[in-house]
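Before any comments, here is the structure.
Order of the sequence lines fixes the chain letters, A, B, ..., with proteins taken first and strands second; residue numbering starts at 1 for each chain. What's counted below: heavy atoms across the whole structure, side chains too, no hydrogens, waters or symmetry copies. This one's a predicted model, so the numbers in the text were calculated from it and none came from an experiment.
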There are 2 protein chains.
Amino acid sequence: MANNETQLDRIFAALADPTRRAIVMRLCDGEASVGELANPFDMALPSFMKHIHVLELSGLVQSEKAGRVRTCRLRPEAMVGAEDWLQHQRAIWEARLDRFEAYVMKLKKEKGEAKPVAPRRKKKGPA
Amino acid sequence: MANNETQLDRIFAALADPTRRAIVMRLCDGEASVGELANPFDMALPSFMKHIHVLELSGLVQSEKAGRVRTCRLRPEAMVGAEDWLQHQRAIWEARLDRFEAYVMKLKKEKGEAKPVAPRRKKKGPA
DNA sequence: TTCATTGTTAGCCATAAAGCTAACTATAGA
DNA sequence: TCTATAGTTAGCTTTATGGCTAACAATGAA
């Protein structure tokens, strides 16, 4: 998957726009037509459609047309890529921090005093 | 913070670029100078500096200059914003999914069998 | 058949993003 | 002091993004 990275690019880029995040949030409540989605936004339809298209390219949204109505729905699996990337980085960071803390502890024990390091982020397991 | 949304924009936008994600990954291993960071990339320094700047604006990276060396380090707290947004959306999605499943279960129980066509649009209660 | 609804296509514009070179500043070291 | 190192600033190009209008399907309803 040489394009895997590219896909991450697209997902993060898609989420970098507030209009598109709002669309994603709306779609969390269930599928909707383009018109329903566009309604709350003060934006010409063609402009709005571009956002839908960006979301589809990123894989975050899927749509299909029945009659003259195009219905969109979320593909939350696509978000997992981004989520995983972030969690992975945090894991690496925290591992490093642990090593560093251990090192400081060792110094403490050896020398008798040392300043605590950086604030840890509480782990919020998906459980 | 009216700019909270804007900050999310910046974080996702910052992470939408593979060079910048690579920088973040590198910084997970510990702080580094601009030169060290730039080394692996086949890119003119001024171009590279722009990426650093984008990362700083997003809050993901912090840097300070000592002598002629600018040292960069990660501010992983900044990533939390993005992580939380994603997890929140997934939570909402999953809650909805649960409701839908419960609804299907109810139908199943009541009717003996049912093939509900599409997930419902938001309406009060699973009527 | 006619008409309103719902998207879609095409094309335009302004701004931002991502890259470059060239020239400059500021320090560290010889 | 002179020179090499490490960034920085300025200014340019190309391409992408996000918005618009106008005109065109295509479908469902009257």
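Atom CG of A:L55 and atom C1' of D:dT17 are 14 Å apart (whole Å). In this structure, B:D42 atom CG and C:dA18 atom P are separated by 17 Å, rounded to whole Å. The distance between atom NZ of B:K65 and atom P of C:dT25, rounded to the nearest whole Å, is 13 Å. Atom P of nucleotide C:dC12 and atom NZ of A:K50 are separated by 13 Å, given to the nearest angstrom. What separates CE of B:M49 from P of C:dA22 is a distance of 20 Å, to the nearest Å. Rounding to whole angstrom units, CE of residue B:M43 and P of D:dG7 are separated by 16 Å. Rounding to whole angstrom units, CZ of residue A:R10 and C1' of D:dT17 are separated by 15 Å. Distance CD (B:E56) to P (D:dT8): 9 Å, rounded to an integer number of Å.
Shown here for A:L27 and A:C72, the closest heavy-atom pair between the two residues is CD2-O, 3.6 Å.
Seen from the ring of B:W93, B:R96 counts as a face-on cation partner, given the 6.0 Å and 45° thresholds.
Note on A:S47: every side-chain N or O is 4.0 Å or more away from OP1 and OP2 of D:dG18. Put simply, B:R70 has a side-chain N or O that comes within less than 4.0 Å of OP1 or OP2 on D:dT8. Within the 4.0 Å cut-off from OP1 or OP2 of D:dA4, not a single side-chain nitrogen or oxygen of B:R68 is found. Residue A:H53 places none of its side-chain N or O atoms closer than 4.0 Å to OP1 or OP2 of C:dT8.
B:Q62 CD to B:E31 CD: the interatomic distance, rounded to the nearest 0.5 Å, is 10.0 Å.
Proximity note for A:P46 (side chain, C-beta onward) versus D:dG19, D:dT9, C:dT8: the nearest is C:dT8.
Between A:S47 and A:K50 the shortest side-chain heavy-atom distance does not fall below 4.5 Å.
If A:A13 and A:A44 are placed on DNA chain D by their nearest nucleotide, the residue sitting closer to the 5' end is A:A13. If B:S33 and A:L45 are placed on DNA chain D by their nearest nucleotide, the residue sitting closer to the 5' end is B:S33.
For A:Q7 and A:R10, the side-chain atoms include at least one donor-acceptor pair closer than 3.5 Å.
Counting any heavy atom pair closer than 4.0 Å across all strands shown, B:T19 reaches no nucleic acid atom.
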